[in-house]
Amino acid sequence: MPNDDYPITLHCHPATPAPMVRALEARAAFNPDGSLTLAYRLWGDTVRLAIPQPQPPTAKDSLWEHTCFEAFIGIRGHSAYREFNFSPSSQWAAYAFFDYRQRDEAFVCKTAPIITSQLFAGRFELIATIPASALPHNPETLEIGLSAVVEAADLVDGRHSYWALKHPAERPDFHRREAFSLTLNQP
């Protein structure tokens, strides 16, 4: 990505407070080859977070059960969308939906996203690049919902907090189209 700015702020759902996280920021940009790079930066007491350990970069379901960064991507004016999950472990998941939570079981993401992550004192960063072939085809304008699930390591119940650009419901629900509040035009 061309600069180190993180102009997008993700907000913790009020029902899932996370005192160990001070801020979660993101950025998104298209690359010349049509791929999309997403970067997430979490500020906080990283010792108190459950961050998955490195694994081979393979597709895996249920990544959202642990600390995971996500993107929901649709085309303006269409109900279909894609969901991408990026684990700090380098494992990933990609799903397609016809409409709200109506999964297209035939969808297979043939090219894996590239995921890198780094843990620092007081912050964690993850960068994921989604290949152009995995994105919705021929979009004029993409509507994107950036989100994250953050798992606490030091709480008895393994509490999770849910972060997104926008929380349109009483309970966390990243699939709601109203949460896809970032718009990007392909170059």
**Q** Going by ring pair (Phe, Tyr, Trp, His ring centres under 6.0 Å), name the residues that satisfy it together with F84, two or more places apart in sequence or in a different chain.
**A**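 Partners of F84 by the ring pair (Phe, Tyr, Trp, His ring centres under 6.0 Å) criterion come out as none, since no residue qualifies.
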**Q** Say you draw a straight line from NE2 of H11 to OG of S147; how long is it, rounded to the nearest 0.5 Å?
**A**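 OG of S147 is found 13.0 Å from NE2 of H11.
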**Q** Is the H167 to Y162 ring centre distance short of 6.0 Å?
**A**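 Between Y162 and H167, which both carry aromatic rings, the centre distance is not below 6.0 Å.
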**Q** Could you tell me the separation between the CG atom of L165 and the OG1 atom of T9, rounded to the nearest 0.5 Å?
**A**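 Interatomic distance, L165 CG to T9 OG1, rounded to 0.5 Å: 9.0 Å.
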**Q** For residues I8 and W43: do they belong to one hydrophobic cluster (side chain heavy atoms under 4.5 Å, members Ile, Leu, Val, Met, Phe, Trp, Tyr)?
**A**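 Per the 4.5 Å side-chain linkage, I8 and W43 are not co-clustered.
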**Q** For the residue pair R82 and A134, what are the closest heavy atoms and their distance?
**A**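 Between these two residues, the closest heavy atoms are NH1-O, 2.5 Å.
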**Q** Could you check if a side-chain atom of L184 sits within less than 4.5 angstrom of a side-chain atom of T141, using non-hydrogen atoms only?
**A**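 They are not in side-chain contact.
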**Q** Are the side chain of R41 and the backbone N or O of L24 linked by a donor-acceptor pair below 3.5 Å?
**A**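 Judged by distance alone, no pair lies under 3.5 Å.
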**Q** To the nearest 0.5 Å, what is the distance between CG on L142 and CG on L182?
**A**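 Going from CG on L142 over to CG on L182, the span is 9.0 Å.
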**Q** Going hydrophobic residue to hydrophobic residue with side-chain gaps under 4.5 angstrom, can you get from Y40 over to I73?
**A**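 In one cluster: yes.
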**Q** Side-chain donor-acceptor pairs under 3.5 Å in residues 103-121, sequence neighbours left out?
**A**
| unit_1 | atom_1 | unit_2 | atom_2 | d |
| --- | --- | --- | --- | --- |
| D104 | OD1 | A106 | N | 3.0 |
| S117 | OG | P88 | O | 3.3 |

**Q** For a 4.5 angstrom cut-off between non-hydrogen side-chain atoms, does L49 reach M20?
**A**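 They are in side-chain contact.
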**Q** Taking L63 as the starting point, is it possible to reach W163 by hopping between hydrophobic residues whose side chains are less than 4.5 Å apart?
**A**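 The answer is no; the residues belong to distinct hydrophobic clusters.
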**Q** Testing the 3.5 Å rule here: is there a donor-acceptor pair between the side chains of T129 and T37?
**A**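 Judged by distance alone, the side chains do pair up.
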**Q** Using a 4.5 Å cut-off on heavy atoms from C-beta on, say whether the side chain of P54 contacts that of S89.
**A**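 Result no, sub-4.5 Å side-chain heavy-atom pair not found.
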**Q** Does one hydrophobic cluster hold both L146 and V150, with members joined at side-chain heavy-atom distances below 4.5 Å?
**A**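 Yes, L146 connects to V150 through the hydrophobic network.
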**Q** About how many Å separate CD1 of I51 and SG of C68, when rounded to the nearest 0.5 Å?
**A**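 With rounding to 0.5 Å, SG (C68) is 12.5 Å from CD1 (I51).
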**Q** Distance-only, no hydrogens or angles: does the H175 side chain make a donor-acceptor pair with backbone N or O of E83 under 3.5 Å?
**A**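 A pair under 3.5 Å: no.
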**Q** Should side-chain heavy atoms under 4.5 Å link Ile, Leu, Val, Met, Phe, Trp and Tyr, which residues sit in the same cluster as F98?
**A**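 F98 clusters with nothing; isolated.
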**Q** Just jot down the salt bridge (Lys or Arg N to Asp or Glu O under 4.0 Å) partners of R101, sequence neighbours excluded, or say none.
**A**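 R101 satisfies salt bridge (Lys or Arg N to Asp or Glu O under 4.0 Å) with D173 once adjacent residues are dropped.
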**Q** Identify, with sequence neighbours excluded, every residue that meets salt bridge (Lys or Arg N to Asp or Glu O under 4.0 Å) alongside R176.
**A**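 With sequence neighbours excluded, R176 shows a salt bridge (Lys or Arg N to Asp or Glu O under 4.0 Å) to E178, given in chain and number order.
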**Q** Mind checking whether F72 and F180 have parallel, tilted or perpendicular rings, split at 30° and 60°?
**A**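 F72 and F180: tilted rings.
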**Q** Can a salt bridge be assigned to the pair R123 and E125 using a cut-off of 4.0 Å between side-chain N and carboxylate O?
**A**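 Salt bridge: yes.
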**Q** Is the shortest side-chain heavy-atom distance between F97 and Q102 below 4.5 Å?
**A**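 Side-chain contact under 4.5 Å: no.
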**Q** Taking T67 for its side chain and A50 for its backbone only, find out whether a donor-acceptor pair lies under 3.5 Å.
**A**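 Looks like yes, one N/O pair under 3.5 Å.
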**Q** Looking only at heavy atoms, what is the nearest atom pair of A153 and V47, with distance?
**A**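 Heavy atoms only, the tightest pair is CB-O, 4.4 Å.
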**Q** Side chains of Y81 and I144: closer than 4.5 Å at any heavy-atom pair?
**A**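 A side-chain contact under 4.5 Å is absent here.
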**Q** If I take atom OG1 from residue T183 and atom CD from residue E143, how far apart are they, to the nearest 0.5 angstrom?
**A**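 Rounded to the nearest 0.5 Å, the OG1-CD separation comes to 7.5 Å.
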**Q** If you look only at pairs with a residue in residues 54-66, which of them pass as a side-chain hydrogen bond (donor to acceptor under 3.5 Å, both in side chains), with sequence neighbours excluded?
**A**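 Sorted result for residues 54-66: D61-Y95, H66-E151.
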**Q** If you compare all heavy atoms of G44 against all heavy atoms of R22, which two are closest, and at what distance to 0.1 Å?
**A**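 Distance-wise, the nearest heavy atoms are CA-NH1, 3.7 Å.
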**Q** Just how far is it from atom CD1 of I130 to atom CH2 of W92, taken to the nearest 0.5 Å?
**A**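 The CD1 atom of I130 sits 10.5 Å away from the CH2 atom of W92.
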**Q** Identify the two heavy atoms, one from K166 and one from S181, that lie closest to each other, and give their separation to 0.1 Å.
**A**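 Distance-wise, the nearest heavy atoms are CB-OG, 4.1 Å.
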**Q** Is any side-chain heavy atom of F174 less than 4.5 Å from a side-chain heavy atom of V149?
**A**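 F174 reaches V149 side chain to side chain.
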**Q** Please examine the side chains of F86 and L126, heavy atoms only from C-beta on, and report whether any two atoms are closer than 4.5 Å.
**A**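 Touching, per the 4.5 Å side-chain cut-off.
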